[in-house]
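Counting convention: from 1, in listed order, for ligands and their atoms alike.
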Amino acid sequence: MAGAELIGREELAEIQDLFSGDKVNLYRYGGGNYKARELEERFAEYMGVKYAHAVSSGTAAIHCALAGAGIGPGDEVITTAWTFIAPVEAISALGALPVPVEIDETYHLDPAEVEKAITPATKAVVAIPMWASPKMAEIAGICEKYDIMLIEDAAQALGATYRGRKLGTIGKVGSFSFDAGKTMHTGEGGIIVTDDKDIYDRAAEFSDHGHMHLDGLPRGKDPRRAKGLNLRLSEVTAAIGLAQLAKIDLILLKSRENKKRIKDAIRHIDNIMLRPFSDENGSQGDTLIFRVRDREAALQFEAHLMERGFGTKILPEALDWHFAGVWSHLLPEYDRYKGIDLETLWPKTGTMLRSSICLNIPVLMDDVIIEKLVEAIITGAKEIG
Ligand SMILES: *Cc1c(COP(=O)(O)O)cnc(C)c1O
């Protein structure tokens, strides 16, 4: 998937470079470190932001972003009922209350639902672009109106844009993941981006036990002002990240081309509904989502694709990890969700997700594979009738 498909000699060369000095240093705050710093500098440049701070995973990145933004006990944080669970885990780990709300037809935060969910305790909205953009203008407008912070967990949307602006840079702070399913892959890893020096400093401190990293002070002599954890990135991981970042334009271009070819070949099918976008030109290429009649049709469609060697991505099969309606191991720790059938809280989202098919679109697809996939979608649509 995406960057993971292209791991090769360039990544190895960066690691070898790390080992080429007189003294090998794999620790980000050891003497003479440079790969993590360089990754941050290049990433900030790519995103067009002032600051980037690399950490150990995408989960760590949203955790640090929220901590840096001052989210803590007593705060309510609105987010979407369809997301990988990490941002909700991070909200919960900081002692704040996650408030998932229903998605709209674009499969993102519904601005009307965001506004309905706001209370005096609401501190932030975490928008989660799923390979494309939420209605960011509307959501940003609501955040401004109620004086709430807008944060983006853009783990799935590196390189995607909304009206020309890179996702992850529209809110106060944004986060990304470099895990195996994401646009850039480093084994494990993540990064936060922001133009806000205070959020950047606090997020960086949180990722390193509260160390304040003040110039001129040796490690251990630096003061602290808040607690933290060890969520640091290693130099080896950062080295891989440098090579992956250099491939980002190719990754985005190829998957977008592949997706366009596939979409153009299935657009005419009238019993599958391609997902609409708030800004299609800015969307990622690595994922294609469409909706069918109902849950049974989606399961039948999925089985049909599997028989032809094509797996689905998240929908419908991994829904249990990505839908608030099934997070009975986490949400009931809060009074608001205790003893409630969670499914009933987000009926629209549940129905939409269960009747949807989500496909991974690789970077490397030859004509034969593209034709096979198109054929499988066309015959699948016929089969469900
Ligand atoms: C993948 C993902 C994460 C977590 O990233 P990891 O690197 O796997 O920890 C966080 N948020 C979203 C929206 C994701 O999709």
Review point. Quick check: are there more than 12 heavy atoms from other residues, nucleotides or ligands sitting under 6.0 Å from NZ of Lys227?
Key: no

Check your understanding: When you look for heavy atoms under 4.0 Å from ligand 1, do you find them on the side chain of Ala86, its backbone, both, or neither?
Key -> side chain

Tell me which protein heavy atom sits closest to [atom], plus the residue, atom name and distance to 0.1 Å.
atom                    : answer
atom 11 (N) of ligand 1 : Asp153 OD2, 2.6 Å
atom 5 (O) of ligand 1  : Ser177 OG, 3.1 Å
atom 15 (O) of ligand 1 : Gln156 NE2, 2.7 Å
atom 9 (O) of ligand 1  : Thr59 OG1, 2.5 Å
atom 1 (C) of ligand 1  : Lys182 NZ, 1.4 Å

Are any of the N or O atoms of [X] closer than 3.5 Å to those of ligand 1?
X      : result
Ala60  : no
Glu188 : no
Thr83  : no

Does at least one non-hydrogen atom of [X] fall below 4.0 angstrom from an atom of ligand 1?
X      : value
Met130 : no
Ile62  : no
Gly190 : no

**Study point:** Minimum heavy-atom distance between Ser356 and Met352, given as atom pair plus value
**Key:** OG-O, 2.6 Å

Study note, to complete from the structure: Exactly one of Ile128, Leu109, Leu315 clears side chain to side chain contact (heavy atoms under 4.5 Å, CB included) with Trp82, and that residue is Leu315

Check your understanding: Ring centroid separation for Phe84 and His322, is it under 6.0 angstrom?
Key -> yes

Roughly how far, to the nearest 0.5 Å, is [atom2] of [Y] from [atom1] of [X]?
X      : Y      : atom1 : atom2 : answer
Lys313 : Thr287 : NZ    : OG1   : 3.0 Å
Tyr162 : Ile170 : OH    : CD1   : 7.5 Å
His213 : Asp222 : NE2   : CG    : 6.5 Å

Exercise for review: Say whether Glu102 and Trp346, considering side chains only, have a donor N or O and an acceptor N or O under 3.5 Å apart.
Suggested key: no

Atoms in ligand 1 with a heavy atom of [X] nearer than 4.0 Å:
X      : answer
Ala155 : 2 (C), 3 (C), 10 (C), 11 (N), 12 (C), 13 (C), 14 (C), 15 (O)
Pro87  : 11 (N)
Asp179 : 1 (C), 5 (O), 6 (P), 7 (O), 8 (O)
Ile128 : 13 (C)

Exercise for review: Mind running side chain to side chain donor-acceptor pair (under 3.5 Å) on Asp104 and Thr106 for me, showing each step along the way?
Suggested key: CA-CA 5 Å; Asp104 64 12; Thr106 71; 2.7 Å; yes

**Study point:** Steps toward side chain to side chain donor-acceptor pair (under 3.5 Å) verdict (Ser278, His108)
**Key:** CA-CA 10 Å; Ser278 63; His108 291 112; 5.7 Å; no

